[in-house]
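Heads up, the thing below is written out as C-alpha cells.
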Amino acid sequence: MTDIIRVAVAGPFTEALDYLPPANGPAPAVGVRVRVPLGRRERVGIVTAGPTASDLAADRLRPIIDVIDPTPLLDPATMALIEWAARYYHHPPGEAYLTALPTRLRRGEPATPGQSTAWHLTDAGRAAQPDARARRAPRQRQLLEALQRSGTLTPVQLAGIGGDARSVLRRLVEQGLAATDTAPDYGLLPGRADQPGAALNDEQQACAAAIRPTAGHAAILIDGVTGSGKTEVYLDAIARSLECGRQVLVIVPEIGLTPQLVQRFQSRLSGRIAILHSGLADGERLNAWLAARAGVADVVIGTRSAVFVPLARPGLIVIDEEHDASLKQQEGFRYSARDLAVLRAYRSDVPVVLGSATPSLESLANAAQGRYQHHALTRRAGHARPPSMQLLDMRGQPTREGLSQPLIDRVQSHLDAGGQALLFLNRRGFAPTLICHECGWLAECDRCDARYTYHRGRGRLHCHHCNREQRLPHHCPSCGSVDLRALGLGTERIEAALTEAFPQTPPVRIDRDSTRRRGSFEQAMQRAQTGETRLILGTQMLAKGHHLPAVTLVAIVDADQGLFGADFRAPERLAQQVIQVAGRAGRAERPGEVVIQTHHPEHPLLQQLLHGGYPAFARTALAEREAAGLPPMRAMALIRAEATDRHAPLAFLRAAVPLAPADDAVERLGPFPAPMERRAGRHRAQLMLLADSRSNLQAVLSGWLPALGRLPEARQVRWSVDVDPAESL
DNA sequence: AGCACGCCGACT
DNA sequence: GTCGGCGTGCTC
C-alpha cells in the first residue's frame, strides 16, 4: 500500500480522487490547492485528506503535479461545511469545492490580494524643515504636507488630492524625500459610523437582546412586518458583534444587494466592509473573499455563495429576506444558502438571524418546533399605520384593459388627495397571448409548451421561458386573417390603460423590459421616490426593499394567477408577494390602502390574508401542508430528467423506480411529465420523493442514485437531484 | 464535465 | 481513399 493524497477535482466523481504526493517535496496539507493530472488534462483540486492508504492499484495512481498554496486555503470548518453540503444535496464534492471558490482561485491563480502602491516620507523628507519646504513648488509642498499629515498616501487618497499628484511624487522620490512601498489592497469599504441609529422600540429591543454575540449558537427568526425596522435590529446586533472583535456575515438575495443597502451599512457601522456578489470583477471578488478569510474584513455582505466564504473570527450570521427563493441555487449544485447558513452558525457556535416580513413556512415550522426563537415585530416605525386591505370583486365588472371601474375610481381619489398609486402585475409585456380572432390560432413558441408573450413596444413576440423572439406576424399564419388580438394582461398594457385613463398623470413602468438600460431602474425609482411621477406600475421588481413613502394606494391588478398555480408553493408565493408589495404603501404619515382585483373573492387564501394578514395565512397554509403531507412537515426531493427526445425522460425515471431501496417511510409520486413538459426544446419529467424524516430520505437517495447513473436509459437524458426543492415544477 | 476512441456516411 | 458525425467510456 502506497501513501496517497485525496484530492477533490471537478467532474462527475462522488468522492475525491487518489494521487501520489508530488515527486519533489513534501505531502501537501489538507485544504491547499494542487494541480493534478486528470486524463489528458490538468486540473486544480483541493486536498481533502492524506497521506493515507489507497484502495486503488498502485499502477493507476499518478503524482500531484504541483502544490499551489503554501498554507491551506480552506480551514477545516469550511471544508466540513462544503463536504456536508455536497453529500446532503448529492452533488459531486469536487464541484462543490470549486463553486465555493472565487473564479481566480478556481483557475489556480495565487491567493494574494491586490497590491497598491503607497507613498511615505523618508527620514530626509521628515527632516526637511518647514522653511525649506516653503521654498519648494507649491504642488510639492502640498504633497509633502499631506504625507506628513497622513503617514502614507494611497492611490485612492491621491485621487482626492487631484492634479497630476503621481508625477509630483515621482519628483519627491527622485530627490530622496519620499519613498514608495506596496501594501495589500483588499478594496474594502470603510464603515464610517457617522449616522446615529433610531432608538429601538421595545419590540426591537427585545429582539435585539435575544441576539447575543458571545453567548453561543441560537437561531432567531425576526418576523417583522414591512417597515418595522428589521434592519435596525440587524445593525444593532452587528455593531455589538463587531465590538466583541467578531466578523459578521450578512446574506441577502441577489436583488437586495443594492448600493443603498451598502451605504446604510457604511453609515452605521465601523469596521471594514467586504462585498461579494456575482456582478463583481474577478479581482474584486477574490479580494473580498481573501479579506473575509484573513479577518481583514469585519462585515461581509454577500449573496448566496457567500455562505461558503471562510471567516477568520466568525461572530454572527444574518440572512435577510430569508423566504426569498433566490437563496436556493436552481441548477447544478442546488444548495440552500439559508439552510447552510443555519448549519454553519450551529457548527461555529454563533447566533444566526433570519429576517423577513413574510417568513417561509419552513422557518415558521422550525420556530413552532422550538428550533428557532420567534420574534415578531408588529409595529411600523414612526407613526405609520398598517394599510387596510380590500378585495375588488371583478365578476361581471366592466373592465378597461384589466382595470375595473372601482379600481380606476380609487386611483383617481388617491391622486386627488395628493397621494401616489402603485399597481402591481407580475407579468411583463403587453399580453401573454396573441390569438387569431377568425380561426383561434395561438402564437406558440415552437421550443416550449407555452405561448408567446406579445411585446408591443418592441413589436415582437417573446417566449419568457426560452427567450426566443420573433417579429409580430402581420396576419394569421393559419388562416391569413389580419385580425390578430392581444389576450390577457401585461404591464405594457396596464401602462397604456393608465396613460389613457389619467392623461394628466403619466405613469412610470418598472419591469425588466423598462429597466434594461444601466441605471434606468435607479432613475425610475428616483422619479417615483421624489413624487415626480405619481402613478407607478410594475412587476416583482417593485416588491423588494425600496421605500416609496408617498404611496397611499397599492393595487394588485390580478391575484387570480397565483391562486391556482400547479406548484404547491404558489399560494405561499402569492401571499408573500401581496404582503411585500402592500408593504410599499403608507410608510409615512398617510395611511395606506391596498386593493386586490380578483374573480375569486371568496377564496380562502385571500380571505385569510385580508382578515388575519400573513400570520393567519401561514397558519392555514401550514395546516394544509400537514394534511397533504408536504414540506415543511415532510422532507422532499425531486429527481428530474430532461432530453430532446420526447420519451427518454419518462423512460429513464420508470427504469429508475424498481432500483429504489425498499423503504415504506419514503413515499414516491410519479414519475410524471413536468407541468410545462417541453421547455427550450427539451422534454422534462420528474419523480417526487416525500419522507417523514430527512434521514430516511437521505438513506433512500444514497442507496439509489449511484445505480441510476449505470442505467442504459441514463445515457439518453440529463438528470439531476434536487433536495428541498424551492420549485417543484 | 471534457476528451478520447471508434465506427459509419459524403467529399477533396 | 480521407474528414468528421456523435455514441460510448474513462478520468485517481
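The analysis underlying the following values was restricted to heavy atoms, covering all of them including side chains, and did not include hydrogens, waters or symmetry mates. Here is the naming used below: chain letters follow the sequence lines, and residue numbers restart at 1 for every chain.
Computed from coordinates, the A/D18 CG to C/dT11 P distance equals 13 Å when rounded to whole Å. The separation between A/R43 atom CZ and B/dC3 atom P is 7 Å, rounded to whole Å. The CZ-P distance, from A/R710 to C/dC10, rounds to 13 Å in whole Å. In this structure, the CG atom of A/L38 is 12 Å from the C1' atom of B/dA4, given to the nearest Å. Across the protein-nucleic acid pair, A/I4 atom CD1 and C/dC12 atom P stand 14 Å apart, rounded to whole Å. Nucleotide C/dT11 holds its P atom 11 Å from the CG atom of A/D59, rounded to whole Å. C/dC10 atom C1' lies 12 Å from atom CG of A/L17, rounded to whole Å. Rounded to a whole Å, the CG atom of A/L711 is 14 Å from the P atom of C/dG9.
No donor-acceptor contact under 3.5 angstrom links the side chains of A/E469 and A/Y452, judged on distance only. Defined by atom type and a distance below 3.5 Å, a donor-acceptor pair is missing between the side-chain atoms of A/S326 and A/E254.
Distances shorter than 4.0 Å separate none of the side-chain N or O atoms of A/R41 from OP1 or OP2 on B/dA4. The phosphate of C/dC12 (OP1 or OP2) has no side-chain N or O of A/R60 nearer than 4.0 angstrom. OP1 or OP2 of C/dG9 lies within a sub-4.0 Å distance of a side-chain N or O belonging to A/R715.
Within 4.0 Å (heavy atoms only), A/P92 reaches no atom of the nucleic acid at all. If you check every strand for non-hydrogen atoms under 4.0 Å, A/R6 touches nothing.
At a threshold of 4.5 Å between non-hydrogen side-chain atoms, the residues A/R313 and A/D298 count as touching.
Considering only side-chain atoms of A/Q716, the nucleotide from C/dT11, B/dG2, C/dT8 that sits closest is C/dT8.
Nearest-nucleotide assignment on DNA chain B puts the 5′-proximal partner with A/E95, out of A/R40 and A/E95.
For A/F652, the ring-ring contact (aromatic ring centres under 6.0 Å, His included) criterion is met by A/W719, not counting sequence neighbours.
Remark: side-chain polar atoms of A/E284 are paired, donor with acceptor, to backbone N or O of A/A281 under 3.5 angstrom.
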